[in-house]
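One structure is given below, encoded as structure tokens.
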Number of protein chains: 2
Amino acid sequence: MPRQSEPPHDAEILQGTLDMLILKICALQPIHGYGIVQRLQQISRDALHIRQGSLYPALYRLEGKGWLKAEWHTTEGGREAKYYRLTPAGRKQLEQEKAGWNRLCEAIALVLDAAE
Amino acid sequence: MPRQSEPPHDAEILQGTLDMLILKICALQPIHGYGIVQRLQQISRDALHIRQGSLYPALYRLEGKGWLKAEWHTTEGGREAKYYRLTPAGRKQLEQEKAGWNRLCEAIALVLDAAE
DNA sequence: CCGAGATACCTTGACATCCTAGGCATTCTG
DNA sequence: CAGAATGCCTAGGATGTCAAGGTATCTCGG
């Protein structure tokens with residue numbers, strides 16, 4: 001039987017912010033993919049939600065760039081899960097992305113606040 | 001001779017913010033495409049830059065949705081140019097996009113500020 | 001007066017990223 | 001025991017942005 005798919009959700013992740021968010025969540029503590037989705041939702045008070053279809057390719061991408069490192073461990077529930085941890089390079093990348101994000105926010109604020 | 005193409009620029013516009021920025025610029029006063037690029041650059045203090053290859057499809061899209069209305073006028077330089085003006089529907093859309101942007105910023109701030 | 005650069009419009013094709021929609025296997029719960 | 005929750009993954013399509021080009025007019029320095 002087809003599994004119940006995720007309900008439609010209008011809270012799109014802005015293109016380009018996904019990597020930063022994942023890196024940040026992983027920076028808090030090693031965590032597995034499924035947990036990232038929940039943690040993000042919890043921290044952002046349900047404002048942000050990553051789809052699994054976006055998450056796993058992103059994790060694969062981030063691991064390929066050397067920003068995350070994965071290890072299989074057993075969850076509290078006694079199940080095998082892939083735990084992702086931030087590498088030093090990942091930490092550096094996260095800092096850069098945060099800086100870029102802040103610059104962007106300031107720039108956009110300038111525009112949005114501009115009066116004729 | 002091939003025209004000098006725009007220099008590579010690392011200030012990417014975050015996907016999804018382009019429409020909002022264009023709407024806002026047009027809200028200040030009717031303006032033509034080429035002017036939008038300059039105005040945005042000026043207001044954002046060179047932090048944001050729209051490529052022409054992104055701009056014109058976006059303008060076409062926004063006009064199609066009824067958020068912008070275009071009229072041909074003569075510029076100060078005595079040249080024909082297409083002036084874009086925000087429609088009432090566009091103003092509403094702009095408000096919505098601003099609200100969404102603020103929500104997103106707050107949510108991301110929550111995540112980025114989260115301590116283990 | 002002529003060539004370069006600025007102004008002004010536009011299109012095409014490539015590419016990355018995200019979403020929809022699925023699939024599979026295990027464990028917990030009613 | 002059935003179904004929900006937990007956990008992993010993939011394929012395909014839609015969308016938006018960028019790089020790179022094309023056309024034409026106007027202005028200004030040499």
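Quick caveat: nothing in here was measured; it's all calculated off a predicted structure. Chain letters run A, B, ... following the sequence lines, proteins first, then strands; residues in each count from 1.
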Tell me every residue that passes side chain to side chain contact (heavy atoms under 4.5 Å, CB included) with A:Ser44, counting only those two or more places apart in sequence or in another chain.
A:Ala47, A:Leu48, B:Ala107, B:Val111

Among all residues two or more places apart in sequence or in another chain, which pass the side chain to side chain contact (heavy atoms under 4.5 Å, CB included) test with B:Glu80?
B:Trp72, B:Thr74

Residues 21-33 of chain A, side-chain donor-acceptor partners within the protein, below 3.5 Å, at least two apart:
from: A:Lys24; atom 1: NZ; to: B:Leu112; atom 2: O; distance (Å): 3.2
from: A:Lys24; atom 1: NZ; to: B:Ala114; atom 2: O; distance (Å): 3.1
from: A:His32; atom 1: ND1; to: A:Gly35; atom 2: N; distance (Å): 3.1

Whether [X] contacts [N] is assessed here as follows: a side-chain N or O lying under 4.0 Å from the phosphate OP1 or OP2. Is that the case?
{"X": "B:Tyr34", "N": "C:dT7", "result": "yes"}
{"X": "A:Tyr56", "N": "D:dC8", "result": "yes"}
{"X": "B:Thr75", "N": "C:dT7", "result": "no"}

Going by side-chain hydrogen bond (donor to acceptor under 3.5 Å, both in side chains), name the pairs with one or both residues in residues 95-114 of chain B, residues two or more places apart or in two chains.
B:Gln93-B:Glu97

So which protein N/O to nucleotides 1-5 of chain C N/O distances come out below 3.5 Å?
none

Could you pull out the protein-nucleic contacts involving nucleotides 13-18 of chain C (nitrogen or oxygen on both sides, under 3.5 Å)?
from: C:dT17; atom 1: O4'; to: A:Gln15; atom 2: NE2; distance (Å): 2.6
from: C:dC18; atom 1: OP1; to: A:Gly16; atom 2: N; distance (Å): 3.1
from: C:dC18; atom 1: OP2; to: A:Arg61; atom 2: NH2; distance (Å): 3.3

Interatomic distance, B:Arg45 atom CZ to B:Gln42 atom CD [nearest 0.5 angstrom]:
10.5 Å

Between [N] ([atom2]) and [X] ([atom1]): distance, integer Å:
{"X": "A:Ile31", "N": "D:dT6", "atom1": "CD1", "atom2": "C1'", "result": "13 Å"}
{"X": "B:Leu62", "N": "D:dT15", "atom1": "CG", "atom2": "C1'", "result": "14 Å"}
{"X": "B:Arg79", "N": "D:dT27", "atom1": "CZ", "atom2": "C1'", "result": "9 Å"}
{"X": "A:Leu55", "N": "D:dT10", "atom1": "CG", "atom2": "C1'", "result": "13 Å"}
{"X": "B:Tyr83", "N": "C:dT7", "atom1": "OH", "atom2": "C1'", "result": "11 Å"}
{"X": "A:Leu59", "N": "D:dC9", "atom1": "CG", "atom2": "P", "result": "8 Å"}
{"X": "A:Ile50", "N": "D:dC8", "atom1": "CD1", "atom2": "P", "result": "13 Å"}
{"X": "B:Gln52", "N": "D:dA24", "atom1": "CD", "atom2": "C1'", "result": "14 Å"}

Path from B:Tyr34 to B:Tyr84 over hydrophobic side-chain contacts below 4.5 Å:
no

Where A:Val37 and A:His49 come nearest, the two heavy atoms and their spacing:
CG1-CE1, 3.5 Å

Which donor-acceptor pairs under 3.5 Å do the side chains of residues 60-71 of chain A make with protein atoms, sequence neighbours left out?
from: A:Arg61; atom 1: NH2; to: A:Asp19; atom 2: OD1; distance (Å): 2.8
from: A:Glu71; atom 1: OE1; to: A:His73; atom 2: NE2; distance (Å): 3.2

Below 4.5 Å, heavy atoms only, C-beta onward: do B:Pro88 and B:Arg91 meet side chain to side chain?
no

